[in-house]
Peer 1: 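I'd like to ask you about the structure that follows.
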Amino acid sequence: MNNSENIYADWNPWHGCTKISPGCKYCYVYRQDEMYGNPADSSNCHKNTTFDLPLRKKRDGTYKIPSGKIVFTCFTSDFLLPDADKWRAECWKMMKLRSDCWFYFFTKRIDRLAECLPEDWGEGYDNVIIGCTVENQDRADFRLPVFLSLPIRHKSIIVAPLLEKIDISAYLNDTIEEVSVSGESGKYARPCCYDWILNLRSQCIEKNIPFRFHQTGAHFIKDRKLYNIRRKDQIPQARKAGIDYLIGKNAIPETADLNRQQDTFRELTFFDME
């Protein structure tokens, strides 16, 4: 992807998380903090200096995050982390104010979403995409029924890190806009088997749900052979597999409408939402 095609932006209002399930064992946030000499930061949730980034502007008065971006939100924590309850309401307001952007977060704490939603949520903000992360059958069977029951306009299932063969077919209905699958990265990553990925792909094709294989992971089994894949090659190798289904340009599902009419966007203020 070249710069002209880069429709993504990052926003991490807070940093740090606590491990709650098998998928957290070798969390990339913990690895990165340790690599940079700040291991204590990983489990100590703290508000970042970029907390209000969606509302920050350049000298010319335009937003630092331009209109039309898909904003990866809270990827160095979990948006539904209890430690962040005191800050989340302000984040919801910023998301609503920036209705010209898409905000995308995924969570292992989908069972907390109902108690964390803003009062004006209704059936969901039109510009918020929520992904439910599952890593094994146990977590899929616990989280996905909750996920399906919640009022969310844009739902994505993130199967990562994939730790075993999983059957999610019972949870694939027309409210799911995408299933994205990945192996585990890092020195101690648990192996991911290509057959597991192909099985999930078949489940999605049967239900006509967009499927994306976004990363192989560090230790990848194909045709009974184990491959150790360098970090920089894990995403390109997944792309080269050529098994994505109904995924278009910029890795966006072909069925998703992520185009915003910028000429109808009116910049709101906090007073509009009182």
Side-chain angles (χ1 to χ4, degrees), residues 8-58 63-66 69-121 124-125 127-135 139 143 146-147 150 152 154-156 158 160-161 180 182 184-186 268-270 273:
Y8 301 100
D10 296 309
W11 173 39
N12 291 300
W14 50 82
H15 181 90
C17 196
T18 51
K19 299 181 180 184
I20 62 167
S21 70
C24 303
K25 186 174 183 178
Y26 300 121
C27 176
Y28 69 91
V29 175
Y30 279 68
R31 295 200 318 268
Q32 289 177 350
D33 286 343
E34 184 175 2
M35 181 174 64
Y36 290 111
N38 300 306
D41 279 0
S42 304
S43 56
N44 178 26
C45 180
H46 59 271
K47 190 176 181 181
N48 283 333
T49 57
T50 54
F51 179 79
D52 62 344
L53 180 61
L55 302 187
R56 290 188 183 181
K57 295 184 177 181
K58 303 175 185 176
Y63 283 114
K64 289 189 175 182
I65 297 179
K69 291 286 188 180
I70 298 174
V71 185
F72 292 143
T73 301
C74 215
F75 274 36
T76 65
S77 183
D78 188 316
F79 191 69
L80 302 182
L81 187 73
D83 293 353
D85 285 353
K86 54 187 173 293
W87 306 316
R88 192 176 302 103
E90 194 171 351
C91 289
W92 287 124
K93 288 183 178 180
M94 285 188 274
M95 292 179 188
K96 188 171 184 181
L97 282 167
R98 290 301 310 273
S99 63
D100 58 321
C101 289
W102 289 87
F103 292 87
Y104 174 37
F105 71 84
F106 55 75
T107 179
K108 287 183 172 66
R109 295 171 168 83
I110 197 65
D111 53 307
R112 296 200 73 235
L113 181 66
E115 64 186 276
C116 295
L117 290 173
E119 292 183 0
D120 63 353
W121 179 256
Y125 291 168
N127 66 324
V128 174
I129 307 166
I130 298 178
C132 179
T133 300
V134 300
E135 64 266 38
R139 291 300 83 192
R143 294 175 187 149
V146 176
F147 189 46
L150 292 165
I152 303 169
H154 304 285
K155 295 179 179 178
S156 175
I158 312 298
S180 187
S182 166
E184 186 170 42
S185 60
L268 302 176
T269 71
F270 280 101
M273 298 186 294

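Every value quoted in this text rests on a predicted model; they were computed, and no experiment measured them.
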Peer 1: Quick check for you: to the nearest 0.5 Å, what is the distance between W87 atom CH2 and H46 atom NE2?
Peer 2: 8.5 Å

Peer 1: Considering non-hydrogen atoms only, spot the tightest contact between D10 and V71 and give its length.
Peer 2: C-CG1, 4.4 Å

Peer 1: Checking the side chain of R88 only, and the main-chain atoms of P118 only, is there a donor and an acceptor separated by less than 3.5 Å?
Peer 2: no

Peer 1: In Å and rounded to the nearest 0.5 Å, what is the CH2 to SG distance from W11 to C74?
Peer 2: 8.0 Å

Peer 1: Got a sec, which pairs hit salt bridge (charged side-chain N to carboxylate O under 4.0 Å, His left out) with one end in residues 103-113, sequence neighbours left out?
Peer 2: D78-R109, D85-R112, R112-E115

Peer 1: So which atom in Y63 and which in K58 form the shortest heavy-atom distance, rounded to 0.1 Å?
Peer 2: O-CE, 3.8 Å

Peer 1: Out of the candidates N127, I129, V128, only one should pair with Y104 under the side chain to side chain contact (heavy atoms under 4.5 Å, CB included) rule; please name it.
Peer 2: I129

Peer 1: Look at the side chain of R98 and the backbone N and O of L55, then say whether any donor-acceptor pair between them is shorter than 3.5 Å.
Peer 2: no

Peer 1: Which heavy atom in R139 sits nearest to a heavy atom in S21, and how many Å separate them?
Peer 2: CD-CB, 4.0 Å

Peer 1: Mind checking the CD1-CD1 spacing from I110 to I130? Nearest 0.5 Å is all I need.
Peer 2: 6.0 Å

Peer 1: Report the residues that fulfil side-chain hydrogen bond (donor to acceptor under 3.5 Å, both in side chains) with T73, sequence neighbours left out, ordered by chain and then residue number.
Peer 2: none

Peer 1: Looking at G131 and I158, what are the two nearest heavy atoms and their distance?
Peer 2: CA-CG1, 4.3 Å

Peer 1: Ring centroid separation for W92 and F79, is it under 6.0 angstrom?
Peer 2: yes

Peer 1: Quick one: does NZ or CZ of R31 land under 6.0 Å from the six-membered ring centre of Y26, within 45 degrees of the ring axis?
Peer 2: no

Peer 1: Tell me, do L113 and I152 make a side-chain contact under 4.5 Å, heavy atoms counted?
Peer 2: yes

Peer 1: If the condition is side-chain hydrogen bond (donor to acceptor under 3.5 Å, both in side chains), which residues does E184 pass it with, not counting sequence neighbours?
Peer 2: R190

Peer 1: Parallel, tilted or perpendicular: which one describes the rings of Y125 and W121, with boundaries at 30° and 60°?
Peer 2: tilted

Peer 1: For residues T18 and S43, report the shortest heavy-atom separation together with the two atoms involved.
Peer 2: CG2-O, 4.2 Å

Peer 1: About how many Å separate OG1 of T107 and CD1 of I20, when rounded to the nearest 0.5 Å?
Peer 2: 7.0 Å

Peer 1: Taking the side chain as every heavy atom from C-beta outward, state whether C91 and W14 have any atom pair closer than 4.5 Å.
Peer 2: yes

Peer 1: Examine distances only and state if a side-chain atom of S77 and a backbone atom of G16 form a donor-acceptor pair shorter than 3.5 Å.
Peer 2: yes

Peer 1: What residues form a side-chain contact (heavy atoms from CB on, under 4.5 Å) with T76, not counting sequence neighbours?
Peer 2: N12, H15, V29

Peer 1: My understanding is that only residues two or more places apart in sequence, or in another chain, count here; which of them pass ring-ring contact (aromatic ring centres under 6.0 Å, His included) with F72?
Peer 2: Y8, F75

Peer 1: Is K19 positioned over the aromatic face of Y30, cation under 6.0 angstrom from the ring centre and no more than 45 degrees off axis?
Peer 2: yes

Peer 1: In Å and rounded to the nearest 0.5 Å, what is the OG to CZ distance from S156 to F147?
Peer 2: 7.0 Å

Peer 1: Which atom pair, heavy atoms only, marks the closest approach of M94 to F51?
Peer 2: CE-O, 3.4 Å

Peer 1: Could you work out, with salt bridge (charged side-chain N to carboxylate O under 4.0 Å, His left out) as the rule, every residue matching D52, not counting sequence neighbours?
Peer 2: R56

